[in-house]
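Convention: sequence-line order gives letters A, B, ...; per-chain numbering from 1. Given the structure is predicted, the values throughout are model-derived calculations rather than measurements. When reading the values below, keep in mind they use all heavy atoms of this one structure, side chains included, and skip hydrogens, waters and symmetry mates.
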Number of protein chains: 2
Amino acid sequence: MSTTPETAPKRGSRLPRLARRAQLLEAAQEVFVANGYHAAAMDDIADRAGVSKPVLYQHFPGKLELYLALLDTSCDAIVASVRDALKSTDDNKQRVTATMHAFYDYVANAQGAFRLVFESDLTNEPSVRERVDRVTHECAEAVSEVISADAGLSRQQSMVLAVSLVGMAQVSARYWLAADNPSLPQEHAADLVASLAWRGIGGFPRTDG
Amino acid sequence: MSTTPETAPKRGSRLPRLARRAQLLEAAQEVFVANGYHAAAMDDIADRAGVSKPVLYQHFPGKLELYLALLDTSCDAIVASVRDALKSTDDNKQRVTATMHAFYDYVANAQGAFRLVFESDLTNEPSVRERVDRVTHECAEAVSEVISADAGLSRQQSMVLAVSLVGMAQVSARYWLAADNPSLPQEHAADLVASLAWRGIGGFPRTDG
DNA sequence: GGTTTCGTGGAGGTCAAGATCGGCGTGCAG
DNA sequence: CTGCACGCCGATCTTGACCTCCACGAAACC
């Protein structure tokens, strides 16, 4: 029997630096996701990781930096996911569907990372605000390029539309997750919202109001 | 000479209880909107109102109750605004436009009350979470009734669509406000998003995917 | 097998912010 | 004119959370 404590690191075990850091990040993510930034105490994170506070501070200079590290990962994940979805096909309708599914996947999986991005309670901190806004902005910009390529709208106009689509995906996905009635499976909900989005954005060059 | 300091209450002036309370609420709203809940100090609110902290605590039992009072007002305002917009006409397309304009008006005016609802940094507090979720839920429910009346969808399905529309309005309006380029006037932006929404939701009974 | 070294742990300092007590000035009744 | 009541202010207390100091134990090396 291998005695590798891969998922059950007991208290007192010495870990290599990178493994320890990864473990701390995972524990911190759990606590931040569950409690938010303010209600999350460094003691809780240390306890959750099975270490004491000083080791936490040997890996991260402070609470904010720890939070920002997790936030950066989460932000990069959703942005990359959206970019991949847009690159996955050349058919715009399928692009919409793929992007919507990317959002729903991110909200449903990713161990609640979306809470750090879309439900952060530290948006007054400029560094956090900047990152969170960046997510919406970069996602919308990626969508906007596709829109303005085919719809012939101004940059501002296509950005407003793109932000609308991103907001639709983000808010509906969070609502779907919060509504704990699994009568609507994830794929069906995403498809439904995708069809709404595609009806709205598809063939937009017509400006018949 | 009337010494009524109607809009410039200097420090030391004695006000009737209700007027003082209203003034405190206004000052608190400004500080909470500017700084968020956590960064807002009771000292700041008292200073902004031109009184000392004990007076504040003679009107409100604590910081949370003060915040909740403002939050309730803001929540009721947007929900009522959406309901009025939906009731304002029988043409569904104009309903969409009116509702979208209601959101944009709320975000642009209402002295930043939308920040308390859509950008609260106290969503971990259950009482706050409940109120904020209620706003999206009630707005979406009002929209959902119109949808399910005409589109023949299940309750869950029309709710997901309604939440999507609400999310679209909410996120795009906030983005439009944050983007300080007035190249897109409020009415144009709202009309653009309304047209997107109407194309998406109008004539939804077709399920051509 | 001894020593050195490094990581770990519990206990404590500091500080900000929410929440509260003794003086004071003002307006009114007699 | 004089005493009284009332509401406001400066100064203070406490709590809670972030962030470090001193002793211990285990691993590594000769």
Checklist entry - Would you say the side chain of A:F103 lies within less than 4.5 Å of the side chain of A:S81, judging by non-hydrogen atoms? => result no
Next on the checklist: Any non-hydrogen side-chain atom of A:L153 less than 4.5 Å from a side-chain atom of A:S148?
Outcome noted: no
Heteroatom pairs (N/O) under 3.5 angstrom, protein to nucleotides 18-22 of chain C:
from   : atom 1 : to    : atom 2 : distance (Å)
C:dG18 : OP1    : B:A40 : O      : 3.2
C:dG18 : OP1    : B:K63 : NZ     : 2.8
C:dG18 : OP2    : B:M42 : N      : 2.9
C:dA19 : OP2    : B:Y57 : OH     : 2.7
C:dA19 : OP2    : B:K63 : N      : 3.2
C:dA19 : N6     : B:K53 : NZ     : 2.4

Next on the checklist: Using whole Å, what does the distance between atom P of nucleotide C:dA17 and atom CD1 of B:I45 come to?
Outcome noted: 12 Å
Next on the checklist: Using side-chain heavy atoms (C-beta onward) and a distance below 4.5 Å, is B:T97 in contact with B:H101?
Outcome noted: yes
Checklist entry - Quick one: is A:R20 getting a side-chain N or O under 4.0 Å of the C:dT8 phosphate, OP1 or OP2? => result yes
Item to check | B:L56 CG - D:dG10 P separation (whole Å) | outcome: 14 Å
Checklist entry - Roughly how many Å is it from CG in A:D47 to C1' in D:dA17, rounded to a whole number? => result 14 Å
Checklist entry - Tell me: CZ of A:F60 to P of D:dC19, nearest whole Å? => result 13 Å
Item to check | Test applied, side-chain hydrogen bond (donor to acceptor under 3.5 Å, both in side chains); reference residue, A:Q186; option that passes from A:N109, A:D105, A:D191 | outcome: A:D105
Checklist entry - Side chains of B:M168 and A:V163: closer than 4.5 Å at any heavy-atom pair? => result no
Item to check | side chain to side chain contact (heavy atoms under 4.5 Å, CB included), paired with A:L71, selected from A:L116, A:D76, A:L64, A:L66 | outcome: A:L116
Checklist entry - Should A:Q58 be listed as having a side-chain N or O under 4.0 Å from OP1 or OP2 of C:dG7? => result no
Checklist outcome for this item: Between CZ of B:R21 and C1' of D:dG7 the distance, given in whole Å, is 18 Å
Next on the checklist: Rounded to whole Å, please give me the gap between CG in A:N124 and P in C:dA17.
Outcome noted: 13 Å
Checklist outcome for this item: residues 25-43 of chain A vs side-chain hydrogen bond (donor to acceptor under 3.5 Å, both in side chains), sequence neighbours excluded, gives A:E30-A:R48, A:D43-A:K53
Under 3.5 Å, which N/O atoms of the protein pair with N/O atoms of nucleotides 25-28 of chain D?
from   : atom 1 : to    : atom 2 : distance (Å)
D:dG25 : N2     : A:R14 : NH1    : 3.3

Next on the checklist: For the OG atom of B:S120 and the CD atom of A:E119, what is their distance to the nearest 0.5 Å?
Outcome noted: 11.0 Å
Next on the checklist: Is any side-chain heavy atom of A:V193 closer than 4.5 Å to one of A:W176?
Outcome noted: no
